[in-house]
Colleague: 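Pasting a structure here, questions to come.
This one's a predicted model, so the numbers in the text were calculated from it and none came from an experiment. Residue numbers start at 1 and run along the sequence shown.
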Amino acid sequence: MTSRAESNLSFCNCLALRQASRYITGAYDQMLSGTGLRVTQFSILYKLSALGPMTVNQMSAELVMDRTTLTRNLKPLERDALVASGASEHDRRERVIALTPAGKAKVKAMLPLWRKAQQTFEQHFGAARADELRGLLRAVVETGIHDVQAGKR
């Protein structure tokens, strides 16, 4: 028999999203395991390769990641000279992150493994459903609920 708490949790949007996120993150991390980086770190490198240097605040917003988590993920990337950071020319209080040549090479080396992870997911879930899912998840981020809950709207 299912308890009321278990039954109510099955309707929790946050729990369902976090479970799916952990599940998929684990699959991608497994595919990228030989590279020494996790998919979150790859995402940072990839965003920098696609968009160019940006401030920590810009990267945080781009990845929908709090600054503390981003900073924690940047440390090993800086240590391994995959990214470099320095003060912004416009505001010395802001830190700008840029991809290094080694970082560009790392992205290039990891892309085939990331593509394989994408392909594996789409084979199991369906390409059309995966495309729909990405759209739905983008819509979740665009709801603005985070700002409402934080009293920003």
Colleague: With the 4.5 Å side-chain cut-off for hydrophobic clustering, are Phe121 and Val39 part of the same group?
Modeller: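 They do share one cluster, since a chain of ILVMFWY contacts under 4.5 Å joins Phe121 to Val39.
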
Colleague: Hey, can you pull the donor-acceptor pairs under 3.5 Å for the side chains in residues 107-118, sequence neighbours left out?
Modeller:
unit_1	atom_1	unit_2	atom_2	d
Gln118	OE1	Tyr28	OH	2.2

Colleague: According to side chain to side chain donor-acceptor pair (under 3.5 Å), who are the partners of Ser49, at least two apart in sequence or on a separate chain?
Modeller: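 Ser49 satisfies side chain to side chain donor-acceptor pair (under 3.5 Å) with no residue once adjacent residues are dropped.
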
Colleague: Any side-chain heavy-atom pair from Leu99 and Leu82 closer than 4.5 angstrom?
Modeller: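 No - every pair of side-chain heavy atoms lies 4.5 Å or more apart.
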
Colleague: Would a distance-only check, ignoring hydrogens and angles, find a side-chain to backbone donor-acceptor pair under 3.5 Å from Thr25 to Ser21?
Modeller: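 Confirmed, Thr25 side chain pairs with Ser21 backbone.
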
Colleague: Show me the pairs that pass salt bridge (Lys or Arg N to Asp or Glu O under 4.0 Å) and involve residues 25-45, at least two apart or across chains.
Modeller: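 Of all non-adjacent pairs touching residues 25-45, those that pass salt bridge (Lys or Arg N to Asp or Glu O under 4.0 Å) are Asp29-Arg38.
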
Colleague: So, taking the atom named CE in Met59 and the one named CG in Asn73, what distance separates them when rounded to the nearest 0.5 Å?
Modeller: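 Interatomic distance, Met59 CE to Asn73 CG, rounded to 0.5 Å: 10.5 Å.
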
Colleague: Are Leu70 and Leu51 in one and the same hydrophobic cluster, where Ile, Leu, Val, Met, Phe, Trp and Tyr link if side-chain heavy atoms are under 4.5 Å apart?
Modeller: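 Yes, Leu70 and Leu51 fall within the same hydrophobic cluster.
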
Colleague: Taking salt bridge (Lys or Arg N to Asp or Glu O under 4.0 Å) as the cut-off, I'd like each qualifying pair that reaches into residues 11-26, sequence neighbours left out, listed once.
Modeller: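 Not a single pair qualifies under salt bridge (Lys or Arg N to Asp or Glu O under 4.0 Å).
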
Colleague: Distance-only criterion, 3.5 Å: show the donor-acceptor pairs between side-chain atoms of residues 123-132 and protein atoms not counting sequence neighbours.
Modeller:
unit_1	atom_1	unit_2	atom_2	d
His124	ND1	Thr120	O	2.9
Arg129	NH1	Phe125	O	3.4
Asp131	OD1	Arg134	NH2	3.3

Colleague: Partners of Glu62 by salt bridge (Lys or Arg N to Asp or Glu O under 4.0 Å), sequence neighbours excluded?
Modeller: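 Listed in chain order: Lys47.
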
Colleague: CD/Glu94 to OG/Ser85 distance, rounded to the nearest 0.5 angstrom?
Modeller: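 Here the rounded value is 11.5 Å.
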
Colleague: When you compare the side chain of Leu137 with that of Leu17, does any pair of heavy atoms fall below 4.5 Å?
Modeller: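 Leu17 vs Leu137: side chains touch.
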
Colleague: How long is the gap from NZ on Lys106 to CD on Gln41, to the nearest 0.5 Å?
Modeller: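 Reported to 0.5 Å precision, the distance equals 9.5 Å.
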
Colleague: Applying side chain to side chain donor-acceptor pair (under 3.5 Å), can you list everything that pairs with Thr55, at least two apart in sequence or on another chain?
Modeller: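 Here the qualifying residues are Gln58.
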
Colleague: For the residue pair Pro53 and Val96, what are the closest heavy atoms and their distance?
Modeller: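 The pair with the smallest heavy-atom distance is CB-CG1, 4.0 Å.
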
Colleague: If you round to the nearest 0.5 Å, how far is CG of Leu74 from OG1 of Thr71?
Modeller: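 Between atom OG1 of Thr71 and atom CG of Leu74 there are 6.0 Å.
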
Colleague: Starting from Val141, walk the hydrophobic network (Ile, Leu, Val, Met, Phe, Trp, Tyr; side-chain heavy atoms closer than 4.5 Å) and list everyone else you reach, by chain and number.
Modeller: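 Val141 shares its hydrophobic cluster with Val64.
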
Colleague: Sorted by first residue and then second, give each ring pair (Phe, Tyr, Trp, His ring centres under 6.0 Å) pair with at least one member in residues 43-83; sequence neighbours left out.
Modeller: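 Ring pair (Phe, Tyr, Trp, His ring centres under 6.0 Å) check on residues 43-83 returns Phe42-Tyr46.
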
Colleague: Would you mind listing every salt bridge (Lys or Arg N to Asp or Glu O under 4.0 Å) that reaches into residues 72-84, with sequence neighbours excluded?
Modeller: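 Residue pairs with at least one partner in residues 72-84: Glu78-Arg95.
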
Colleague: Are any non-hydrogen side-chain atoms of Leu37 and Leu45 less than 4.5 angstrom apart?
Modeller: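 Yes, at least one pair of side-chain atoms sits under 4.5 Å.
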
Colleague: Can you tell if the side chain of Ile97 reaches within under 4.5 Å of the side chain of Ile44, non-hydrogen atoms only?
Modeller: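 Not touching, per the 4.5 Å side-chain cut-off.
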
Colleague: For Arg67, enumerate each residue passing the side chain to side chain donor-acceptor pair (under 3.5 Å) test, keeping only those at least two apart in sequence or located in another chain.
Modeller: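 So Arg67 forms a side chain to side chain donor-acceptor pair (under 3.5 Å) with Asn57.
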
Colleague: For a quick test of reading the model, state the closest non-hydrogen atom pair linking Thr100 to Val83 and the distance between them.
Modeller: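 Heavy atoms of Thr100 and Val83 come nearest at CG2-C, 3.7 Å.
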
Colleague: Checking Gln119 now: which residues fulfil side chain to side chain donor-acceptor pair (under 3.5 Å) with it, not counting sequence neighbours?
Modeller: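 Scan of Gln119 (side chain to side chain donor-acceptor pair (under 3.5 Å), adjacent residues dropped) gives none.
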
